[in-house]
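Everything on this sheet refers to the single structure shown next.
All values below come from the heavy atoms of this structure, side chains included, with hydrogens, waters and symmetry mates left out. Residue numbers start from 1 in every chain, and the chains themselves are labelled A, B, ... in the order their sequence lines are given, proteins ahead of strands.
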Protein chains: 2
Amino acid sequence: MVGLPNRDRKAERREATRQEIITAAWEIAHENGLTSVTLREIATRIGMQPPSLYSHFASKNAIYDAMFGQVWRDFCVALERASASFPAEPRGRLLALAGFYFDFAVSDLERHQLMDMPMLRDFRPSEEAYRPAIECYEIMRSVLTGIGIHRQADLDMYTALVGGLVNQQLANDPGGDRWRDLVPRAVGLLADDLGLPAQPPTSRRKT
Amino acid sequence: MVGLPNRDRKAERREATRQEIITAAWEIAHENGLTSVTLREIATRIGMQPPSLYSHFASKNAIYDAMFGQVWRDFCVALERASASFPAEPRGRLLALAGFYFDFAVSDLERHQLMDMPMLRDFRPSEEAYRPAIECYEIMRSVLTGIGIHRQADLDMYTALVGGLVNQQLANDPGGDRWRDLVPRAVGLLADDLGLPAQPPTSRRKT
DNA sequence: GTCTATACACCGATAGAC
DNA sequence: GTCTATCGGTGTATAGAC
């Protein structure tokens with residue numbers, strides 16, 4: 001009896017090639033900047049002719065789109081995993097969330113530009129690629145809600161604060177710690193403003 | 001006696017043409033984005049052939065350079081003029097400075113991108129064009145110093161805070177007020193943290 | 001100083017053979 | 001699915017006539 005193969009080798013090979021293309025695109029982005037990704041250069045790196053890429057992606061923007069979706073999925077997974085270990089205590093939890101986002105964003109400029117900045121003039125993520133981004137935002141919001149941060153104005157203040165630190169770090173001290181070191185202080189300011197309960201003294205023996 | 005003309009009409013005409021070019025470049029930047037400025041399009045708008053622009057600027061980046069220098073000079077003048085009317089009282093003065101910068105930055109996205117963001121891949125301002133930017137920074141710093149803000153970490157916190165609000169406003173609510181409305185609150189937080197004296201009650205009759 | 005003509009190096013995308 | 005060949009377009013910049 002001739003059944004269907006239980007592994008679709010063809011589909012696997014196809015997916016592997018798509019990944020090769022995306023990986024090469026990230027390589028170029030990291031070396032020469034996000035806007036320097038070209039079909040020619042991708043093709044050269046993976047040993048193809050440029051037109052062959054159209055067998056796997058409908059256009060150059062479709063490649064950006066796949067990159068966008070993937071990094072947001074990555075962030076989603078990393079955030080969900082990390083948030084399980086965040087402290088339960090509100091201030092510690094807020095600081096952990098801010099620090100996690102800061103470190104993730106700052107560790108890869110081009111990724112940050114694709115995820116959070118409108119750098120590519122005529123690229124708009126498809127609805128499908130945007131879905132993980134929304135999912136991510138919901139996870140972050142649920143963490144903040146759990147701390148007691150509900151009002152939109154408070155969320156806006158939080159995003160401006162953390163985003164501002166990230167941008168200054170990337171723009172003025174890439175690879176350094178100048179604004180990273182300000183994260184606890186900035187989060188503390190916000191926590192005071194929001195009236196979060198003061199952090200309990202750490203590892204005090206029971207009295 | 002044949003003297004030198006007291007007005008150099010030729011030089012004046014030349015300067016006027018340079019200005020025409022720069023103005024056209026800003027027009028394009030505002031309509032289609034900073035990176036969409038091309039020599040072809042500039043030439044078309046002022047009724048020239050593209051190569052003719054090289055009689056006035058050595059390269060496309062030289063045009064960006066002139067734009068960069070000019071907007072920073074404009075900001076310098078505006079800031080110096082406005083700061084004369086800032087309140088003397090520290091908290092009011094800090095808020096006035098932050099508000100002034102916020103409004104200036106937010107009122108023109110492309111100008112902000114040229115002044116404060118590294119958007120143009122292979123454009124680095126010349127030393128001459130950068131000079132007004134430094135002068136500006138010194139004016140801002142002197143205002144902050146006058147309030148009692150000296151430490152680098154405090155200045156860094158200020159720039160991150162205000163810059164963060166600006167970026168969120170431009171990215172997520174262009175033309176709106178969502179983050180503009182948070183400026184007083186954010187500045188208040190920072191003022192508290194720095195221990196600035198509390199603002200006196202406004203327009204209290206003398207007692 | 002402005003023009004015409006052109007060089008040169010790219011780019012994304014398509015057609016059609018194999 | 002990959003190739004070759006090519007199209008039609010972008011862009012900056014230079015040479016030389018006027």
Side-chain angles (χ1 to χ4, degrees), chain A residues 5 8-25 27-29 31-68 114 119-126, chain B residues 5 8-29 31-68 110 114 119-126:
Chain A
D8 189 338
R9 309 188 84 88
K10 205 159 183 176
E12 278 176 20
R13 183 77 204 105
R14 218 183 134 66
E15 182 51 33
T17 304
R18 275 179 64 97
Q19 265 309 322
E20 256 191 289
I21 292 170
I22 291 179
T23 301
E27 251 184 52
I28 299 162
E31 289 173 22
N32 306 329
L34 211 44
T35 60
S36 299
V37 175
T38 65
L39 300 184
R40 276 175 165 72
E41 183 63 22
I42 294 175
T44 298
R45 298 207 181 202
I46 64 176
M48 268 189 179
Q49 294 304 314
S52 304
L53 298 174
Y54 285 88
S55 302
H56 301 274
F57 291 96
S59 69
K60 184 185 169 181
N61 272 345
I63 298 179
Y64 280 133
D65 202 57
M67 296 164 77
F68 181 92
L114 182 62
M119 278 260 318
L120 274 15
R121 258 189 57 68
D122 51 340
F123 164 68
R124 291 283 168 271
S126 66
Chain B
D8 189 337
R9 309 190 85 90
K10 203 159 185 177
E12 278 175 19
R13 182 78 205 104
R14 219 185 132 68
E15 181 52 32
T17 304
R18 275 179 65 98
Q19 265 309 319
E20 255 190 291
I21 293 170
I22 291 179
T23 301
W26 276 119
E27 251 183 52
I28 300 163
E31 289 172 23
N32 307 329
L34 210 45
T35 60
S36 300
V37 175
T38 66
L39 300 184
R40 273 176 166 73
E41 184 63 21
I42 294 175
T44 298
R45 299 207 180 201
I46 64 176
M48 267 189 180
Q49 295 303 315
S52 304
L53 299 174
Y54 286 88
S55 302
H56 301 276
F57 291 96
S59 70
K60 184 187 170 183
N61 272 346
I63 298 179
Y64 280 133
D65 203 56
M67 295 163 77
F68 181 92
E110 289 76 25
L114 182 62
M119 278 259 319
L120 274 16
R121 259 190 55 71
D122 51 339
F123 164 66
R124 290 284 168 271
S126 65

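- An OP1 or OP2 oxygen of C:dT4 is reached within less than 4.0 angstrom by a side-chain nitrogen or oxygen of B:Gln49.
- Contact of the B:His56 side chain with the B:Glu20 side chain is not registered, since no non-hydrogen atoms from C-beta on lie closer than 4.5 Å.
- Across all strands, B:Pro50 comes closer than 4.0 Å to no nucleic acid atom at all (heavy-atom distances).
- Here A:Ser52 does not reach the OP1 or OP2 of D:dG1: none of its side-chain N or O atoms lies under 4.0 Å away.
- A straight line from CD1 of A:Ile46 to P of D:dT2 spans 8 Å, rounded to a whole angstrom.
- Rounded to a whole Å, the CZ atom of A:Arg9 is 16 Å from the P atom of D:dG1.
- Residue B:Lys60 has its side chain nearest to D:dT12 when only D:dT2, D:dT12, C:dA13 are considered.
- Closest heavy-atom contact between A:Ala43 and A:Gln49: CB-C, 3.7 Å.
- If you check every strand for non-hydrogen atoms under 4.0 Å, A:Ser55 touches a base.
- Closest contact between the side chain of B:Pro51 and the listed nucleotides D:dA13, C:dA13, D:dG1 involves D:dA13.
- Taking the side chain as every heavy atom from C-beta outward, A:Leu39 and A:Tyr54 approach each other to under 4.5 Å.
- If you take CG of A:Leu39 and P of D:dG8, they are 19 Å apart, rounded to a whole angstrom.
- Looking at B:Phe57 and B:Asp65, their side chains never come closer than 4.5 Å, going by heavy atoms from C-beta outward.
- Heavy atoms of B:Thr17 sit nowhere under 4.0 angstrom from any nucleic acid atom.
- Taking each heavy atom of B:Ala29 and B:Glu110 in turn, the nearest pair found is O-CG, 3.1 Å.
- A:Met48 has its CE atom 11 Å from the C1' atom of D:dC3, to the nearest Å.
- Taking every side-chain heavy atom of B:Thr38 into account, D:dT12 is the closest of D:dT12, C:dA13, C:dC3.
- Of the listed nucleotides (D:dA5, D:dT2, C:dG1), C:dG1 has the atom at the smallest distance from the side chain of B:Arg14.
- Rounded to whole Å, atom P of C:dT4 lies 13 Å from atom CG of B:Leu53.
- For the pair A:Phe57 CZ and C:dT14 C1', the interatomic distance rounds to 19 Å; values are reported in whole Å.
- Contact annotation: B:Arg40 side-chain N/O to D:dT10 OP1/OP2 distance is not under 4.0 Å.
- One atom, CG of A:Asp122, and another, P of D:dT10, lie 14 Å apart when rounded to the nearest Å.
- Summarising the geometry, the separation between CD1 on A:Ile42 and P on C:dG12 is reported as 8 Å, rounded to the nearest angstrom.
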